[in-house]
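Let me begin by presenting the structure, written as structure tokens, before commenting on it.
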Amino acid sequence: MDNLSEALEKLKLGPGSRAPDSVEGSLDCLLKALAHNNTEASMKIQEMGVLPSLPALLSSESTCTPKVANIIAEVAKNEFMRGPCVDAGLIPPLVQLLTSPDQELLLQTGRALGNICYDSHSLQAQLINMGVIPTLVKLLGVHSHNTALTEMCLIAFGNLAELESSKEQFASTNIAEELVRLFQKQTEHEKREMVFEVLAPLAENDMIKLQLVEAGMVECLLEVVGQTVDGDREEDVAQLKTASDLMVLLLLGDESMQKLFEGGKGSVFQRVLSWIPSNNHQLQLAGALAIANFARNDGNCIHMVDTGIVQQLLELLRRHVDEGNVTVQHAALSALRNLAIPVVNKAKMLSAGVADVVLKFLQSEMPPVQFKLLGTLRMLIDTQAEAAEQLGTNDKLLERLVEWCEAKDHAGVMGESNRLLSALIRHSKSKAVVKVVIEGGGVKHLVTMATSEHMIMQNEALVALGLIAALDLVAAEKDFEGSGLVAMLHRLLADERSAPEIKYNSMILVCSVMGSEPLHKEVRGLAFMDVVAKLRTHDNKTVSHQASLTEQRLTSQS
């Protein structure tokens with residue numbers, strides 16, 4: 001420790017007071033002490049105030065600079081030393097050294113910056129603002145033969161890519177080409193994993209997704225899938241999952257997805273299709289998710305339905321009724337839901353038996369599956385009156401819907417259940433469906449839905465309640481009373497924040513329930529006339545016109 005103290009004292013002297021040999025010896029002493037007991041030596045360095053002396057030693061011309069950078073890298077392994085390193089002004093001179101041709105210096109500089117900024121988004125953002133990303137990408141290209149430097153760059157990219165502010169800088173470089181080139185050279189699982197760890201956060205950016213596709217990343221991933229699909233080693237399973245997951249991620253970008261779809265004739269698209277009937281669950285999952293991503297465009301959806309993809313997805317789902325792989329069920333249902341969005345696909349998919357297969361999963365206790373199941377059925381019955389009536393009179397479906405309408409722990413499932421309940425009534429306009437909904441206890445849920453914070457759900461609920469009142473007011477009367485429908489309508493009309501559509505449909509519903517004596521009595525008991533009178537001057541002409549009609553109705557039946 002005495003030797004360390006002496007070495008530290010020498011380093012504290014001004015640049016002109018130190019002999020080069022003396023500096024070199026002192027640095028060697030520090031490195032030795034750090035190797036022996038890093039924490040203790042770092043504390044000593046901090047106590048003696050040596051850090052502020054180090055920027056002067058960080059010169060690309062000096063032969064001892066790599067050792068100084070190494071010392072900083074070792075010191076910054078300790079969390080308590082990172083702040084003092086920043087305060088000592090070490091970051092700017094280290095960043096300048098990244099342009100050095102000296103590979104050892106580059107390696108130690110990269111380590112030093114990485115350790116100082118470890119786990120600190122603010123410091124990493126500072127590095128990004130200082131332009132390190134283009135510099136590091138250039139280094140990766142120039143020194144791709146140097147394994148240690150390559151790994152240093154990858155670790156840095158992995159950390160920096162987590163920050164949203166980095167994505168734009170990365171996209172302005174040739175990072176995609178460099179990573180694809182690097183990936184193609186790797187044969188070891190661990191090395192490929194390092195590249196994958198950088199690709200995943202970068203591929204969240206749509207521009208970089210497209211660059212990776214254009215640079216040939218997809219072909220690399222397909223090659224990995226081919227090499228590992230039949231492997232039973234742990235690393236084969238891991239690589240298959242990583243490669244297929246990344247493939248799906250690249251399809252989340254609209255441009256990259258369309259480039260790979262190629263009007264349904266793309267070789268990548270065809271290859272992905274072959275994953276659906278595979279016996280490998282990971283490939284089935286990736287295939288179904290890929291189809292769901294390709295199905296984010298109406299034209300793609302129409303083409304896929306016309307070329308028989310629905311049957312493949314249904315067969316996949318049938319296999320998983322018993323096997324019960326939740327992720328595959330969820331992915332296949334997601335694909336079917338997206339495919340069902342274009343109007344021209346709905347009847348074709350219903351004819352193919354999609355609803356019947358989807359209903360097989362009604363007993364699922366997994367919320368993600370429940371959520372997609374409900375969404376798929378809702379998309380299928382949109383504008384399809386016959387299908388809506390058929391499903392709306394299915395007692396098992398209605399029973400499950402009412403149960404899920406109370407799933408407060410799963411807001412998504414609860415919301416979708418309410419929306420499907422409303423959709424069955426709105427699209428069927430059937431008294432038989434209304435009867436099943438009333439008998440099943442669904443009315444109170446629609447009344448609650450009308451108070452949702454989402455305007456679209458409010459509106460859907462009000463239209464469904466209006467149809468119930470128009471088709472079977474007598475049967476719904478008690479449920480309307482018990483659920484506080486009239487008071488809820490008064491609140492919606494009195495609330496200035498209610499959208500014009502909400503006010504309009506609320507007034508339509510008020511007029512409809514006036515045919516019931518007990519509900520009429522409730523309307524008279526609340527100041528509806530005052531609220532409606534104010535709406536006669538509403539900016540929206542449809543609302544003001546309906547307010548006049550409603551006022552006449554209230555007056556004539558008062």
Side-chain angles (χ1 to χ4, degrees), residues 385 392 418-419 421-435 437-439 441-558:
N418 278 298
R419 294 192 75 185
L421 192 64
S422 159
L424 291 168
I425 296 167
R426 289 183 295 109
H427 295 301
S428 70
K429 297 181 177 62
S430 159
K431 189 169 183 177
V433 173
V434 166
K435 181 173 183 288
V437 171
I438 294 170
E439 289 174 355
V443 172
K444 64 180 179 183
H445 297 299
L446 291 171
V447 173
T448 302
M449 181 183 170
T451 64
S452 166
E453 58 187 26
H454 303 292
M455 189 192 80
I456 192 166
M457 288 180 67
Q458 279 187 291
N459 220 29
E460 287 171 357
L462 289 169
V463 172
L465 289 166
L467 283 164
I468 291 173
L471 292 168
D472 206 341
L473 181 59
V474 174
E477 189 177 72
K478 284 185 180 174
D479 285 333
F480 280 165
E481 278 187 278
S483 58
L485 172 70
V486 173
M488 180 271 291
L489 291 172
H490 186 272
R491 285 195 301 275
L492 288 179
L493 289 170
D495 190 343
E496 291 180 2
R497 294 167 300 177
S498 293
E501 304 95 297
I502 303 302
K503 291 186 183 295
Y504 176 81
N505 284 320
S506 295
M507 287 187 283
I508 294 283
L509 190 47
V510 169
C511 292
S512 296
V513 301
M514 296 279 279
S516 155
E517 182 54 39
L519 293 171
H520 187 182
K521 192 175 177 181
E522 278 191 58
V523 170
R524 284 203 308 271
L526 291 167
F528 267 92
M529 193 67 85
D530 296 343
V531 175
V532 172
K534 284 183 183 177
L535 292 175
R536 278 196 289 114
T537 57
H538 197 278
D539 294 343
N540 186 293
K541 288 181 181 178
T542 307
V543 171
S544 59
H545 178 65
Q546 184 57 45
S548 298
L549 295 177
T550 305
E551 191 174 36
Q552 289 171 23
R553 184 77 186 270
L554 289 168
T555 304
S556 66
Q557 294 197 349
S558 60

Give the minimum heavy-atom separation between [X] and [Y], together with the two atoms involved.
{"X": "Leu473", "Y": "Ala469", "answer": "CB-O, 3.2 Å"}
{"X": "Leu462", "Y": "Ala450", "answer": "CD2-CB, 4.1 Å"}
{"X": "Ser428", "Y": "Val433", "answer": "OG-CG2, 3.5 Å"}
{"X": "His490", "Y": "Ala527", "answer": "NE2-O, 3.5 Å"}
{"X": "Asp495", "Y": "Lys503", "answer": "O-NZ, 2.7 Å"}
{"X": "Val513", "Y": "Leu519", "answer": "O-CB, 3.6 Å"}

Between [Y] and [X], is there a side-chain heavy-atom distance shorter than 4.5 Å?
{"X": "Lys534", "Y": "Leu493", "value": "no"}
{"X": "Ile425", "Y": "Leu446", "value": "yes"}
{"X": "Cys511", "Y": "Gln546", "value": "yes"}
{"X": "Ser544", "Y": "Leu535", "value": "no"}
{"X": "Thr542", "Y": "Pro500", "value": "no"}
{"X": "Val447", "Y": "Leu465", "value": "yes"}
{"X": "Thr451", "Y": "Leu492", "value": "no"}
{"X": "Arg419", "Y": "Met449", "value": "yes"}

Output yes when a side-chain donor or acceptor of [X] lies under 3.5 Å from a complementary backbone atom of [Y], and no otherwise.
{"X": "Ser422", "Y": "Glu460", "result": "yes"}
{"X": "His538", "Y": "Asn540", "result": "yes"}
{"X": "Ser452", "Y": "Thr448", "result": "no"}
{"X": "Asn505", "Y": "Glu501", "result": "yes"}
{"X": "Lys444", "Y": "Ser483", "result": "no"}

Quiz item: For Phe480, does the CZ atom have more than 12 heavy-atom neighbours from other residues, nucleotides or ligands under 6.0 Å away?
Solution: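 Counting neighbours around CZ of Phe480, more than 12 heavy atoms of other residues, nucleotides or ligands fall under 6.0 Å, so yes.
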Quiz item: Taking atom types as modelled and ignoring hydrogens, do the side chains of Ser516 and Glu477 form a donor-acceptor contact shorter than 3.5 angstrom?
Solution: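 The criterion, which ignores hydrogens and geometry beyond distance, is satisfied for Glu477 and Ser516.
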Got a second to check how far [X]'s [atom1] is from [Y]'s [atom2], nearest 0.5 Å?
{"X": "Asp472", "Y": "Ile438", "atom1": "CG", "atom2": "CD1", "answer": "5.0 Å"}
{"X": "Ile456", "Y": "Asn459", "atom1": "CD1", "atom2": "CG", "answer": "8.0 Å"}
{"X": "Leu526", "Y": "Lys521", "atom1": "CG", "atom2": "NZ", "answer": "13.0 Å"}
{"X": "Ser498", "Y": "Arg491", "atom1": "OG", "atom2": "CZ", "answer": "10.5 Å"}
{"X": "Ile502", "Y": "Gln458", "atom1": "CD1", "atom2": "CD", "answer": "4.0 Å"}

Practice problem: May I have the step-by-step check of side chain to side chain contact (heavy atoms under 4.5 Å, CB included) for Met514 and Leu554, ending in yes or no? | Solution: CA-CA 8 Å; Met514 296 279 279; Leu554 289 168; 3.7 Å; yes
Quiz item: Would Val510 and Val486 satisfy side chain to side chain contact (heavy atoms under 4.5 Å, CB included), going step by step from the backbone distance to the final call?
Solution: CA-CA 7 Å; Val510 169; Val486 173; over 6 Å; no
Quiz item: Taking NZ, NE, NH1 and NH2 as the nitrogens, is one of them in Glu439 or Lys435 under 4.0 Å from a carboxylate oxygen of the other?
Solution: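 Salt bridge present between Glu439 and Lys435.
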Quiz item: Under the side chain to side chain contact (heavy atoms under 4.5 Å, CB included) criterion, do Val437 and Leu424 qualify, and how do the steps go?
Solution: CA-CA 9 Å; Val437 171; Leu424 291 168; 5.8 Å; no
Quiz prompt | Among Leu549, Leu489, Thr550, the one residue meeting side chain to side chain contact (heavy atoms under 4.5 Å, CB included) with Met507 | solution =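 Only match with Met507 under side chain to side chain contact (heavy atoms under 4.5 Å, CB included): Thr550.
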